[in-house]
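These notes concern the structure reproduced below.
Proteins come first, then strands; the chains are lettered A, B, ... in the order of their sequence lines, and each starts at number 1.
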Amino acid sequence: MLERLEALRLVDHHCHGVLDRDLGPAEFEALLTEADEVDEAGIELRGSMWDTQAGFAVRRWCAPVLGLPAHASPGAYLARRAELGADEVNRRFLAAAALDVLCVDTGFTPQALLEPPALGRLAGARSYEIVRLERLAEDAVADGVGAAAFAGEVRSRLNAKARSRDVAGCKSIAAYRAGLELAGERPAAADVTAAAGRLLREAERAMAGRSAPPRVSDEVLHRFLVWCSVDEGLPVQFHVGYGDADADLRRGDPLLLTSLLRTVAPTGVPVMLLHNYPFHRQAGYLAQVFPNVFVDAGLATHNLGHRSPALIAELLELAPFGKVLYSSDAFGLAELFHLGALLFRRGLAAFLGSGVRDGAWTGEDAVRVAELMASGNARRAYRLPGT
Amino acid sequence: MLERLEALRLVDHHCHGVLDRDLGPAEFEALLTEADEVDEAGIELRGSMWDTQAGFAVRRWCAPVLGLPAHASPGAYLARRAELGADEVNRRFLAAAALDVLCVDTGFTPQALLEPPALGRLAGARSYEIVRLERLAEDAVADGVGAAAFAGEVRSRLNAKARSRDVAGCKSIAAYRAGLELAGERPAAADVTAAAGRLLREAERAMAGRSAPPRVSDEVLHRFLVWCSVDEGLPVQFHVGYGDADADLRRGDPLLLTSLLRTVAPTGVPVMLLHNYPFHRQAGYLAQVFPNVFVDAGLATHNLGHRSPALIAELLELAPFGKVLYSSDAFGLAELFHLGALLFRRGLAAFLGSGVRDGAWTGEDAVRVAELMASGNARRAYRLPGT
Amino acid sequence: MLERLEALRLVDHHCHGVLDRDLGPAEFEALLTEADEVDEAGIELRGSMWDTQAGFAVRRWCAPVLGLPAHASPGAYLARRAELGADEVNRRFLAAAALDVLCVDTGFTPQALLEPPALGRLAGARSYEIVRLERLAEDAVADGVGAAAFAGEVRSRLNAKARSRDVAGCKSIAAYRAGLELAGERPAAADVTAAAGRLLREAERAMAGRSAPPRVSDEVLHRFLVWCSVDEGLPVQFHVGYGDADADLRRGDPLLLTSLLRTVAPTGVPVMLLHNYPFHRQAGYLAQVFPNVFVDAGLATHNLGHRSPALIAELLELAPFGKVLYSSDAFGLAELFHLGALLFRRGLAAFLGSGVRDGAWTGEDAVRVAELMASGNARRAYRLPGT
């Protein structure tokens, strides 16, 4: 099974850009997991992020890509990475991922990251943009739209995106702001205008006080944006579950989306639940009972490292095999493109291969559903060419 | 261990009737999992429900019962099923389940299903009825009871059921309506009358508007019905966790029942938590700390197919081995009686057998607790003859 | 790996005292799991607590320590235990645990238990006290402090504890009372005084009515006590997840602590999440994203018995290996000191050893992180001598 999966190029339906500059040890460690960089006193208490499943997976699987022996020490790894330089490192890991398609969320850029076309070139893959809904709305506010014109302006900007051949879908980060407990109904126009008005007044105060512009964090606005995407026929990705300390993980339980999923289902627009850990079984349930819901185990796959096969097996308990997608959710470090892809292939091969050995399904069926999860499901859901 | 378990006839303490007519491909697929039937456009997006753990398990384990090779294609399977006819198919699968006792929930009949006696004959097993509490109340309303007489009428109907030798217990579907967060106290009589009045007014409006009669969905009424069952000394089953898209899975977390379980515990009336996935570990905890709480993994067992051994092992972490029951939760398809029983026996054998191999317990103890879970616990809890 | 782990002495950072008198069969069974003792009618329905993972683990691993063959029957076990006497039994099991340090929660003493120094002598280990915060406050109330003086009195008592070389930290049982959903902000002094006033009036009423004194169960007071501990620089343990029927498990989800963890993090004072099951994956997430959060799987480890390796592996998915501690949470039965330590060593050895066999990490790294989890992390977090 593993050989068959290694021969399959993947659609990575949710990832971010990588940094194209050299990284110091603390910076590298901060990008390795969802833990933030901390000061030295904090590190003394906390210990090293290399001593995590993600850290050991980098030493095991990434070191050889840089020409080091497996299990190279963190120090040796960082020295070799610096020696090769960011360009070469990025090129090696993106090529090693063996991707066919990349869908890049361009909405989170605390630092300059490689853009989708550049990522695509390094990966030898077709790249698409995933539009971050909240950012699109925040940009409209920054550009001075009025409350009454807000909804129309957002719709118009999204329509322009939808008409681009380079845009594959949208993403909501409601989980990081208001939480996933979004109401089922479309918000009334007056409610959207009122919420936009509140956001605009916050923006004015921020400008007057020279503080950071406000972020969309109103349930009405998150919900409005999701419906805008649905109305354009653009698949909607949701951040679900696992993320950094900014997220309130409790409000990222995918079951909180149930009401909204009920009302979106009849539109037939795909909804993608990203990451999901530790709520991946709940996500698998939603993928089974709603015809338009898809799931993945991105981010968690590389963070669980040696344990990722258990995660993949649990996701595949209730999730139909035609509803599971691959994503890396790589951010910042090119290593994460390689690790995500490698661990997904290995975990899926272990799962499908053990089923073949136990006689649960045939090798032929195993290869067929492996192709679905590697790329077929994503091509169908996003209507990518070459389906 | 497997041979020993295959020799044990089971008490299936929660199941439904099966359809006794031939089924089209879409209808069969809709009954295979908790996903509803969808139109063709939806199916194109969603993919086939045969590509699920349940679908692969049917091809692996049910095809041979119909005289086909294991892993027969869905098309070949459905053709053979049609060729044999519903009667023969039902007979084969119910016999293959090797049951001693069937407890049949007769409260959900969107279509005509085989009744408990007919099921019992096909299975060669004693059959009992499980009374659906909400349906009993809705029937009283349909028969024109007034608000003031409602409580008495419900109690009287339930008392008649309790006096029947063919009734083993009751079932609450609060999880599908108000959710499992039921208060601990008995509802006051005035509150029950008021809630009944609201339901009756809804029923009048529905009749006037020729729409469907209302359903019990008021926390007070769910709770009242549970206490009626307790007062009759009838064990109460609760739908918990996994179900179709109508259920709000979040409100089906068994921990929501904690307050009610605390007040019911001193009565000594057994409470059965059904299904439980993905909250089966929480259910196992409740089975440990409350002396009258029992648990099963019905519905999820056949839906998890090849992964069901993992579910059974997780359920048996905290749940005492004297508190675990077997149920299929089969509905519509006779295949599910066979699959549930087969996967339960295999999963339990794998769990107990690995413990014997690792020296965690003796073979003798393993057989003893296997007998408890296969039938002894159910016989004790429901006070079935032959205990 | 197992040999290496067996050679490591452990820091048991959270345990209780044991009973130093002989125990009847019902009493022993009640101490074996989190189920309460029940009357005979209840036991007939419930079945034996020996038929649990904990019960089988005692028969497998504790019987030989008493000179019986593995898998001795419950009757033979209890007879041999009585024959040896409580002193000898306690001595054998505490020695068998091979501990270096014991941190003893002295706040829950429904019966007389061995005190930390006596436990330490039996174990051949250094013992520390863990101060139960709610008990300290309740003692101040019992001693007649007024509402206005309450905060100062609590701080002063805690400061005396903090200055003792025998105190290692504090513990909050908010999970058993108000629940873990504590606000992030420090409570205002006026709010603490008002809450103390309410508690004092309850205490007066209880004294007048000769009923039991009231317990701290006000969110403001729990939170105040946590900040008192933080201000003293004392690590704070939280009961999380699994416990007896008194706990409302839903309110024991560690994610409910997120707001408080965000505000405590900058202080650098360690927070220890105890037990965690079945929310151990959520706890692992918190240990990853907050630099000062540590986790363990105490109580659950011995209650899961043969399944405890699965728990340990799941905890180690997101929890950095530098953030995982060992605890037994032993209470009452000396057996639980031995079982907890043995199952932790075996589960961790299985986890680390399988990684070495699969090439996920080297044997050298495995031994290094084993030492961290066995004692190094606890020594660092509690600043124990010999770090």
Centroid-centroid distance, B:Y176 to B:H239, less than 6.0 Å: yes
Chain B interface, residue from C:D244, C:V38, C:T33 that has the most non-hydrogen pairs under 4.5 Å: C:T33
Between B:F351, B:W361, B:F279, B:F290, the one whose heavy-atom pairs under 4.5 Å with chain C are most numerous: B:W361
Top of B:A381, B:G322, B:P320 for chain C proximity - count of heavy-atom pairs under 4.5 angstrom: B:P320
Straight-line distance of C:Q237 CD to C:S327 OG, nearest 0.5 Å: 8.0 Å
Leading residue by heavy atom contact count with chain B [cutoff under 4.5 Å; candidates C:A247, C:A300, C:A310]: C:A247
Geometric class of the C:H14/C:H16 ring pair [parallel <30°, tilted 30-60°, perpendicular >60°]: perpendicular
N-O pairing of B:E317 and B:R281 below 4.0 Å: yes
Structural part of C:D246 lying under 4.5 Å from a heavy atom of chain B: backbone
Interchain contact, B:S259 with chain C, by part (heavy-atom threshold 4.5 Å): neither
Closest-packed option against chain C by number of heavy-atom pairs under 4.5 Å, given B:D358, B:N292, B:L372: B:D358
Among C:L274, C:L273, C:V295, the one residue meeting side-chain contact (heavy atoms from CB on, under 4.5 Å) with C:P254: C:L273
Toward chain B, the part of C:D51 with a non-hydrogen atom under 4.5 Å: both
Heavy-atom pairs under 4.5 Å with chain C, option from B:K323, B:E364, B:Q282, B:R262 with the top count: B:R262
Aromatic centroids of B:Y382 and B:Y128 separated by under 6.0 Å: no
Per-residue contact mode, C:R59 against chain B (heavy atom under 4.5 angstrom): side chain
Heavy-atom proximity to chain B below 4.5 Å, by part of C:E314: side chain
B:E232/B:S229 under side-chain contact (heavy atoms from CB on, under 4.5 Å): CA gap, chis, key distance, verdict: CA-CA 5 Å; B:E232 289 291 351; B:S229 184; 5.9 Å; no
Check: C:E335 and C:L31 side chains under 4.5 Å, non-hydrogen atoms: no
Contact class of C:R46 relative to chain B, heavy atoms under 4.5 angstrom: both
Contact leader toward chain B among C:L249, C:L311, C:T52, where contacts are heavy-atom pairs under 4.5 Å: C:L249
Between C:W50 and C:F28, ring centroids under 6.0 Å: yes
Residue, of B:T258, B:V369, B:D365, B:N377, that accumulates the most heavy atom pairs under 4.5 Å with chain C: B:D365
